[in-house]
There are 2 protein chains.
Amino acid sequence: MMGALLDEATEILRSRGGRMTSQRKRILESLELLGSHPSADEIFAFVSQSDPTLNLSTVYRTLRWLEQEGLISARHFHFDEDRRTDRFDAASPIDHHHFICTECKSVIEFDNRLIGEVKNQFSRQTNCWVQSVSVVLYGLCPNCQK
Amino acid sequence: MMGALLDEATEILRSRGGRMTSQRKRILESLELLGSHPSADEIFAFVSQSDPTLNLSTVYRTLRWLEQEGLISARHFHFDEDRRTDRFDAASPIDHHHFICTECKSVIEFDNRLIGEVKNQFSRQTNCWVQSVSVVLYGLCPNCQK
DNA sequence: AAATTATTGCAAATCATTTGCAATAAAAGT
DNA sequence: ACTTTTATTGCAAATGATTTGCAATAATTT
Ligand SMILES: [Mn+2]
Ligand SMILES: [Mn+2]
Ligand SMILES: [Zn+2]
Ligand SMILES: [Zn+2]
């Protein structure tokens with residue numbers, strides 16, 4: 001249960017002559033601890049508490065590597081203000097979708113088999129081959145509806 | 001048919017003491033001509049042909065204003081390379097969705113009533129109020145499947 | 001035509017992210 | 001353990017899209 005990401009990453013590194021460093025360990029850890037969808041900066045701030053020498057570049061390099069390996073996914077949620085910062089998702093890209101409360105910025109993950117249907121119908125109608133689907137709902141969570 | 005955007009924009013300007021300038025006219029025009037989902041830079045390049053004095057800031061200012069007024073929408077399509085440039089959509093945010101061919105970068109617009117269902121089911125289950133839905137499919141268009 | 005002020009062009013600032021490079025430290029070889 | 005190899009890091013500078021301050025310009029009003 002705990003350390004799934006770290007184990008997978010370690011395995012990939014081993015198989016390629018890569019090195020599991022203390023900074024990578026901490027970044028992996030933080031991805032599991034910070035459940036939400038943290039930005040590189042948030043991960044940096046969190047890990048910095050326990051390792052003040054960590055550099056933001058290392059955070060980015062590690063995240064991009066994990067992304068390439070398919071262990072995490074980068075997303076842009078279209079917040080009112082900040083359209084531009086990537087958020088990182090410890091889960092694989094393909095198996096869930098997101099609701100964003102535009103007021104408190106909380107994120108709810110969900111899935112729905114109808115989404116598969118949408119994909120199938122589109123494929124059938126256009127002969128496009130659909131590899132992945134991104135669904136993002138924006139609105140107000142129960143709390144923020146007042 | 002032609003000039004819908006320009007007409008709406010002109011009307012809004014009129015009602016607020018704004019001014020319909022030549023640069024705004026050209027930018028609005030280009031949004032209708034360039035059917036695809038152009039970036040600010042692409043709009044800039046296009047309009048520059050007919051007005052070499054136009055400045056990129058003006059393009060951005062106009063686009064952001066149109067976005068605020070709800071006449072166009074800004075989107076980020078999650079292309080492999082460039083995750084960071086906004087693309088502008090002459091259509092309103094709410095009434096259609098997109099398929100992106102990750103090979104040739106072409107965009108196909110579509111809609112599907114099931115998406116409304118997904119939204120309704122989510123609302124019912126979580127008591128969240130959903131304001132907007134973004135669906136983006138990534139894959140290969142018929143041509144690029146070889 | 002003169003006055004008013006919304007809008008522009010220009011240059012500089014922002015801000016998230018990336019990159020080059022020399023210093024550091026895993027892992028491998030001895 | 002000691003040395004070698006080289007993957008990885010920290011640091012500082014670069015990038016690239018977008019934004020912003022401000023003086024100059026041009027629509028509109030008077
Ligand atoms: Mn998620
Ligand atoms: Mn569109
Ligand atoms: Zn909320
Ligand atoms: Zn294609």
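Chain letters run A, B, ... following the sequence lines, proteins first, then strands; residues in each count from 1.
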Whether over 12 other heavy atoms sit under 6.0 Å from A:Glu103 CD: no
More than 12 heavy atoms from other groups under 6.0 Å of CG on B:Asn143: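 Count not over threshold, so no.
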Please evaluate the base of [N] for a donor-acceptor partner in the side chain of [X] within a cut-off of under 3.5 Å?
X: A:Arg84; N: D:dG16; answer: no
X: B:Arg19; N: C:dT5; answer: yes
X: A:Ser57; N: C:dT19; answer: yes

Upstream residue (5' side of DNA chain D) when B:Leu56 and B:Ser22 are each assigned their closest nucleotide: B:Leu56
Rounding to a whole Å, what distance do you find between [X]:[atom1] and [N]:[atom2]?
X: A:Asp86; N: C:dC15; atom1: CG; atom2: P; result: 17 Å
X: A:Tyr60; N: D:dT8; atom1: OH; atom2: C1'; result: 19 Å
X: B:Asp82; N: C:dT17; atom1: CG; atom2: P; result: 13 Å
X: A:Arg16; N: C:dA28; atom1: CZ; atom2: C1'; result: 20 Å
X: B:Asp51; N: C:dG9; atom1: CG; atom2: P; result: 7 Å
X: A:Arg26; N: D:dT9; atom1: CZ; atom2: P; result: 13 Å
X: B:Lys25; N: C:dT8; atom1: NZ; atom2: C1'; result: 15 Å
X: A:Phe77; N: C:dA16; atom1: CZ; atom2: P; result: 18 Å

Ignoring the backbone of [X], work out which of [options] is nearest its side chain.
X: B:Leu54; options: C:dG9, D:dT18, C:dT18; result: C:dG9
X: B:Ala40; options: C:dT7, D:dT18, C:dT17; result: D:dT18
X: B:Thr58; options: C:dT8, C:dA16, C:dT19; result: C:dT8
X: A:Asn55; options: D:dT18, D:dG10, C:dA16; result: D:dG10

Sugar-phosphate, base or nothing in reach of B:Arg24, heavy atoms under 4.0 Å: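 If one applies the 4.0 Å heavy-atom cut-off, B:Arg24 turns out to touch the sugar-phosphate alone, with no base involved.
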Sugar-phosphate only, base, or nothing, as touched by B:Arg64 at under 4.0 Å among non-hydrogen atoms: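 Sugar-phosphate: the residue B:Arg64, judged by heavy atoms under 4.0 Å, touches backbone atoms but no base.
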So, is [X] near the phosphate of [N], with a side-chain N or O under 4.0 Å from OP1 or OP2?
X: B:Gln23; N: C:dG9; answer: yes
X: A:Thr53; N: D:dG10; answer: yes
X: B:Thr21; N: C:dT8; answer: yes
X: A:Arg83; N: D:dT18; answer: no

Check: B:Thr102 side chain, B:Gly139 main-chain N or O, donor-acceptor pair, under 3.5 Å: yes
Criterion side-chain hydrogen bond (donor to acceptor under 3.5 Å, both in side chains) against A:His37, the qualifying member of A:Arg87, A:His98, A:Arg75: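 The passing option is A:His98.
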4.5 Å side-chain heavy-atom contact, B:Arg83 and A:Asp86: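 The answer is yes; the side chains approach within 4.5 Å.
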Parallel, tilted or perpendicular, as decided by the 30° and 60° cut-offs, for the rings of B:His78 and B:Tyr138: perpendicular
